[in-house]
Amino acid sequence: MYAKVIVDVPARPTNRAFDYSIPEHMRELVAVGSRVGVPFGPRTVQGFVVELHPGTQLDPSKVKPIKTAMDLQPPLTEELVKLASWISRTYLCHEVTALQAMIPGALKAKYERHVKAAEPGASGLLPLLLPGQEEILAYVRRQETVELQSLMDKFADDAGLVKGLLDEGFLVEIQMVKDRMSAKKALTVFAPEDPSQLEAWLGELPAKAAKQREVLEHFIRQPEPMKLTDLLTELNLSAGSVKALADRGWLRIEEVEVQRDPYASRSFKPTSPLPLTPEQAGVYERIRDAVLSERQRVFLLHGVTGSGKTEVYLQSIQTCLDQGREAIVLVPEIALTPQMVERFKGRFGNRVAVLHSRLSHGERYDEWRKIARREVSVVIGARSAIFAPFTKIGLIIIDEEHETTYKQEESPKYHARDVAIARAAEHGASVILGSATPSLESMYRTTNEAAAAATPERPAFELLSMPSRVEGRPLPPVRIIDMREELKNGNRSMFSRDLYKAIEERLHKKEQIVLLLNRRGYATFVMCRTCGYVADCPHCDISLTYHQSSRAIRCHYCGYAERELSLCPDCGSEHIRHFGTGTQRVEEELAKLFPGIRVIRMDVDTTTEKGSHEKWLTMFGNRQADVLLGTQMVAKGLDFPYVTLVGALAADSVLNLPDFRAAERTFQLLTQVAGRAGRHQLPGEVYVQTYTPEHYSIVSASRHDYMGFMRKEMMMRRLHNYPPFHRLVLITLSHEQVQLLIRSGEVLAARLKELAEDRRDQGVELEVLGPVASPISRIKDRYRFQCMIKYRGDQDIAQIVEQAASVLEDAVKTQKLTVSIDVDPQLLM
DNA sequence: AGCACGCCGACT
DNA sequence: GTCGGCGTGCTC
Ligand SMILES: [Zn+2]
Ligand SMILES: [Zn+2]
């Protein structure tokens, strides 16, 4: 038997399967999707088995055997292996990178090189050792095996001697491929199955063995096995007494694999399906029928905030589970709060696994294993949960589908929405894309125009709408405030007079306020007030940001840091201003304007600590503060019944960015934050401060008019050939020398145009923009240039891009040029 | 990506 | 004459 293996060497020439023979004793352990250790040239690397064959095309004597089988059960299903290949072709990444993205971090390869001393005389030579080598050899003999790196470190001055010992065979190398996961084991105490036995033994105990008595009594009360550490703390004992009982053979202590359940300590109130409104019921029935049909269907569910999408999700999942199939729910990381988890655990109990980045390696692995072992049938998680190794998926839900976090910024640069659709095709599953502000890309695919161009790979979407709020409360009125007028009237503060009054009123009535400040345009920086000098990173084309906590200024891209300045390096002035985050400034101003105001500030500075995000929200929910002030992150999350005022302080700060999605982002953010006000009994109000009050994204958001915004924005996009009408591929090149970079960029652009021209008769038509300098033109001393390709979405141009990029292969190899390809980029940086 | 093999400059 | 520089090419 032979296995085709994708090796863990992410490079162009190795981006293909290599054949290995499967030793007889490994037959049972090697399957499609297993990880294996294989010899690759002079070293040993990890690989993924992607195919099994009875024979090989190669000269069998050239084929080496697999060295180690790393899994008892393959961590990837055949479907996921196939999906990895699709991802690598679609997003132009190495296949192994796609495979790696599908397994939990704990299983990522770790390479260790160990050495041991050769058997004496094995080399057949009299040991002709250099001075010092004998010492090294003796050290290794004492340790039996030593990790090569630690040996090199220990004898750092004589690294050459170590190398010599290796070359001459006095030391032999053992290469190991490991993963970071050693299943966590805990000593567990077991009582005999017959509890009456324990009572009998109780009598046999010497009177003074009080502690041992306690242990036996415990197991009479609770015969279930218990972790030793838990037992010791509960009964306040030392291990000796338990050990003594085990020595008598009365109790058994064994190492048992533990599963960490991060939610074990929480109890979830079981909930039952709620009655649906006619609107919800109509939507639910469409989804139910699709799930039951077991065919791929994609729904775009446009539901205003508060329209009760979650209940529709829950009941649709129930349908899917009743059918014996599984469900995946994706939620933006920031919205994956305990409250959100609770809604799913409350309904489906321990059939739910939760995957998110705040779990430790081990916790994540445990949740993942519950999925792999089919102990659960629902997964809720952030982007990468789309790779849950289920085998019978019936439903995939992507909540807040417009969120950019569903696009991975590192390779593989996949979009979870597209991966979901690909998996749904394979499983005959339905996909629900839910949002109050659907992305234009998704909306476009519900149109007749898109339906006409639909392919199995890019199916049309079906639009479902939930335009009314469940509790019937209207969306809050939104007031646009023209900050130019304020300026004219001499108000230079961040608060307009109207917003000021509104805040004052809420404070008086003891109601709560949410204030939003987009981060862009209010970034932190350091400036000399005398000469205007701004501290820039010496390695990147970006200003340094001020970190109040460490009193340092640092670069967000390369980590370069220096102490805060006291003198201007240019003019020597002492008038240096360290601008904190925008929110920090707002906080200061609030304190000045409203003495005694209680403000919770949520931004990158205050939410880095694990769990802090939730802590602040809980505090605010308990009315321990008057104002919740923050960036994007306050736009999401909980319902706060006492919030009656929402203020967007600089609504247009995103609009000024050179990004064709700026209007869409602005609209989404304003709509989302407006949904925070007046969700319960008390009526709410929203104030939007802006310097561009006439902009359609702001006007439409103030009217809660998604369709109006969407039509206008569609027109703009069509006019400029932007997505969703055309698709984009962004190719970014980086190198230390600008000249080489420009030359490479030009070669690439020319090659792209040439290849497109060659295929003109096959309907290929693409526009190549650039090369131009990237918006951030230098990072870590490397300059960056980019080419943008625009093309009609019905073409498959991946192969052309791939081929064109290969002309740079030489420069990549010999000159350290880097090429990064982003298909359907979300950020044009 | 690594790592070995192989062919030219400045050292004992 | 040799040590080591990194260009070139391969890995089942
Ligand atoms: Zn200055
Ligand atoms: Zn930098």
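A note on names: the letters A, B, ... follow the listed sequences, proteins ahead of strands, and every chain is numbered from 1.
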Pairwise N/O distances under 3.5 Å, protein to nucleotides 4-11 of chain C:
residue: C:dT11; atom: O3'; partner: A:Gly41; partner atom: N; Å: 2.9

Tell me: [atom1] of [X] to [atom2] of [N], nearest whole Å?
| X | N | atom1 | atom2 | value |
| --- | --- | --- | --- | --- |
| A:Asp8 | B:dC3 | CG | P | 13 Å |
| A:Lys67 | C:dC12 | NZ | P | 11 Å |
| A:Lys816 | B:dG2 | NZ | P | 13 Å |
| A:His94 | B:dA1 | NE2 | P | 7 Å |

Just jot down the side-chain hydrogen bond (donor to acceptor under 3.5 Å, both in side chains) partners of A:Lys407, sequence neighbours excluded, or say none.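 For A:Lys407, the residues satisfying side-chain hydrogen bond (donor to acceptor under 3.5 Å, both in side chains) (neighbours in sequence not counted) are A:Asp822.
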With A:Gln408 as reference, evaluate A:Lys413, A:His415, A:Arg383 under the side-chain hydrogen bond (donor to acceptor under 3.5 Å, both in side chains) test and give the passing residue. A:Arg383
Could you tell me whether A:Val63 contacts a base, only the sugar-phosphate backbone, or nothing, with contacts defined as non-hydrogen atoms closer than 4.0 Å?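 Counting heavy atoms under 4.0 Å across all strands, the contact made by A:Val63 is with sugar-phosphate only.
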Knowing that exactly one of A:Arg458, A:Arg417, A:Arg661 qualifies, which makes a salt bridge (Lys or Arg N to Asp or Glu O under 4.0 Å) with A:Glu441?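 Testing A:Glu441 for a salt bridge (Lys or Arg N to Asp or Glu O under 4.0 Å) against A:Arg458, A:Arg417, A:Arg661 leaves exactly one candidate, A:Arg661.
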May I ask you to check whether A:Tyr414 and A:Phe387 place their ring centers less than 6.0 Å from one another? yes
For the pair A:Lys82 and A:Glu426, find out whether any cationic side-chain nitrogen is under 4.0 Å from an anionic carboxylate oxygen.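 Yes, A:Lys82 and A:Glu426 are salt-bridged.
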Only counting residues at least two apart or in another chain, list the ones meeting side chain to side chain contact (heavy atoms under 4.5 Å, CB included) with A:Ile742.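 Only A:Val738, A:Glu746, A:Phe785 meet the side chain to side chain contact (heavy atoms under 4.5 Å, CB included) criterion with A:Ile742.
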